[in-house]
Amino acid sequence: MLSFDITDRHVRIIRGTEARGKIKVADASTIDIGEGLIVNGHIKDIPKMATIINDELKAKRMADKEAVISVSSNLIIFKELHIPKAKGTQLLTMVQNQMQHQMGIAEDYSISYTIAGEVEEEGVQAMKVLATACPFEVVDCFRKVFSMLGISLRSVVVSCNSISRIILGDSKSKAKMPMLLVQIDPNFVSLNLYENNQLTFSRFASIDPEDYDNSEDYIYEAVNENIFRMFQFQKSRSGDNPIQNVVFYGDTTEYIRLTNALEQMDISTSLLGVPSNIGGYENFEFQAYANAIGAMFRSNKDTERINLIEVDAASGRTSAGAKFAMAVFGSIAVSAAVVGAVWIFGNIQENGFKNDTAAIQEYLDSPEVAAQIAAVDAAQTKLDKVNNVKAYVDIAYDNYGSLPMLTRDVIEDIEANFSGTGVGWKTIAYGDGFFTVTCTANRVNEPAEVVGNFFEQDIFENVTYNGFSQSDDKEGGTSGYEFTISFSMRPVEPEPAEDAEQSAESAE
């Protein structure tokens, strides 16, 4: 299985296995991301991101069909909640509702939680929960990237939850609590507070030299500032049990200076150690890949629901699920309105005509009305037959209109995606509802440009690109690159079947 720790400037990848609570790492690799490709966890160019990851996986021979992700973003919201005791889906729903109410966030967030103990409020026991709210678009970006890569995405977790699997499973870390875990990066500082063998607070802060007057020591200053804030926060919450240990990981070049500063406050420091249940780390720096390793551990659903893909599915929050849920709720609302209107109308009618029931019934039983009803019934029978024929015609017409057809216009639309890119196509095949185009390129960046063009066209959907390979010429050298793109056509709304309507009018 592959595990990714993705930030705005780095993608750290490990390939390994998890069994019986132990991780065995086989390979590790890091990709440096250019500025602007990922902003606050949101991928700005999905085809380019997929190409970059695909190239690295091929170069390092780290092929696998399943993956998990640890994600960091300044847009992720952390909040401690007190929830009445509940379990499973009921608890998840209560957490999501309370986050939306207290934080004023809309439904476009993926919300997960970990249970951090119990509290008593007004004599009633409640659960203390640390909830995280990640923008749904951030999660959906990764779904799209890994769909293009042809890799099944098993889970997406926030980085504080992935590293907590390592901390809470290590007996040495338990002995240091209350403990502050600090991840240092030139672009951010992530702080996690642990008490009583639980994650009780998390803070992620983006940092920039401009915020510190472009100081060369901006990383040291930013880490010091954020640690001090956490000390003050912890003191206000639990003055009788202050933080005594700070553990660092990530970019630890300032470790000695930070240690000297904290020792003056009687605070002990250390570097994140390797737990005994993790092996294979000898050939890479464990601290750099700690989040990715933590993401590989299985979660305990009795105490946490941290897989954002899973909680989205449970809430009908996948892109398809959200639309379906909206359609269902819309149908329910319309149905309720109709039923209410009919009920009100019926009561008005009953009250208005109650005294005239006998006279109306006598009129309905008259021979004149009976003859009219018989004529209407006969006409309705004929009309029903015509409508049945029309329905069959409409279905056949819709089915025919929705079939993808390889017309000259479609070929021209496909060719337009290659214009000016330097990429050519050799063959177009169709099967099982999908077109497959075999392409050739001269440069490595050309396939991503073509794939991006297909995504921008409204006529196509389900675009899949599985990477490129080098082409060999007859003399044993390379003659460019080959790759395939598969896609289907969006169904076209057919024109109304006018012939069927005219047939109905003739029958009437």
Side-chain angles (χ1 to χ4, degrees), residues 21 70-71 76-136 139 155-171 173-174 176-181 190-204 230 233-243 294-295 297-317:
S70 172
V71 60
I76 296 174
I77 301 170
F78 303 93
K79 176 69 175 177
E80 179 183 305
L81 304 175
H82 296 169
I83 304 290
K85 289 188 174 181
K87 292 182 178 180
T89 304
Q90 182 183 17
L91 176 57
L92 176 62
T93 301
M94 294 171 70
V95 170
Q96 292 171 334
N97 290 340
Q98 196 167 134
M99 278 290 282
Q100 293 172 5
H101 174 71
Q102 291 192 15
M103 304 305 295
I105 59 177
E107 294 184 354
D108 52 353
Y109 277 77
S110 301
I111 299 173
S112 61
Y113 70 85
T114 60
I115 299 174
E118 294 186 0
V119 294
E120 184 174 325
E121 293 185 333
E122 300 180 355
V124 178
Q125 290 294 115
M127 305 173 71
K128 183 165 66 174
V129 170
L130 181 62
T132 60
C134 178
F136 177 76
V139 182
S155 72
V156 176
V157 297
V158 178
S159 60
C160 68
N161 292 322
S162 61
I163 193 63
S164 292
R165 297 177 181 181
I166 292 178
I167 298 299
L168 300 179
D170 182 23
S171 58
S173 297
K174 295 178 182 178
K176 297 178 180 179
M177 297 182 187
M179 178 187 79
L180 182 63
L181 178 69
S190 178
L191 305 97
N192 295 321
L193 178 62
Y194 295 91
E195 302 172 285
N196 301 319
N197 201 33
Q198 296 288 344
L199 173 65
T200 58
F201 189 79
S202 184
R203 171 179 169 79
F204 182 94
M230 287 295 290
F233 170 77
Q234 168 65 1
K235 186 177 180 179
S236 66
R237 294 171 70 246
S238 180
D240 57 343
N241 195 20
I243 298 170
F297 284 103
R298 299 179 187 275
S299 62
N300 182 357
K301 292 187 178 180
D302 292 334
T303 58
E304 61 187 11
R305 295 289 291 275
I306 59 177
N307 182 352
L308 297 177
I309 291 180
E310 180 185 87
V311 298
D312 283 343
S315 307
R317 292 290 315 286

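When reading the values below, keep in mind they use all heavy atoms of this one structure, side chains included, and skip hydrogens, waters and symmetry mates.
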Once side-chain hydrogen bond (donor to acceptor under 3.5 Å, both in side chains) is applied, do any residues pair with Ser173, and if so which ones, sequence neighbours excluded?
Asp170
Counterpart residues, side-chain hydrogen bond (donor to acceptor under 3.5 Å, both in side chains), relative to Lys85 (two or more places apart)
Glu118
Can you sort out the partners of Phe201 under ring-ring contact (aromatic ring centres under 6.0 Å, His included), two or more places apart, ordered by chain and number?
Phe233
Please list, chain by chain and in numerical order, all residues satisfying ring-ring contact (aromatic ring centres under 6.0 Å, His included) with Phe204, sequence neighbours excluded.
Phe188
Rounded distance [0.5 Å steps], CZ in Arg203 versus CE in Met230
8.0 Å
At what distance, to the nearest 0.5 angstrom, does OG1 of Thr303 lie from CG of Leu199?
11.5 Å
Within 6.0 angstrom of Lys174 NZ, more than 12 heavy atoms from elsewhere
yes
For Gln234 and Asn241, indicate whether the former's side chain and the latter's backbone hold a donor-acceptor pair under 3.5 Å.
yes
For the side-chain hydrogen bond (donor to acceptor under 3.5 Å, both in side chains) test, which of Thr132, Asn307, Asp312 pairs with Ser112?
Thr132
Sorted by chain and residue number, the side chain to side chain contact (heavy atoms under 4.5 Å, CB included) partners of Asn196 (sequence neighbours excluded) come out as none
Side chain to side chain contact (heavy atoms under 4.5 Å, CB included) filter on Ser159, not counting sequence neighbours, yields Ser70, Ser72, Ser162, Asn291
So which atom in Ile111 and which in Ile105 form the shortest heavy-atom distance, rounded to 0.1 Å?
CD1-CD1, 4.1 Å
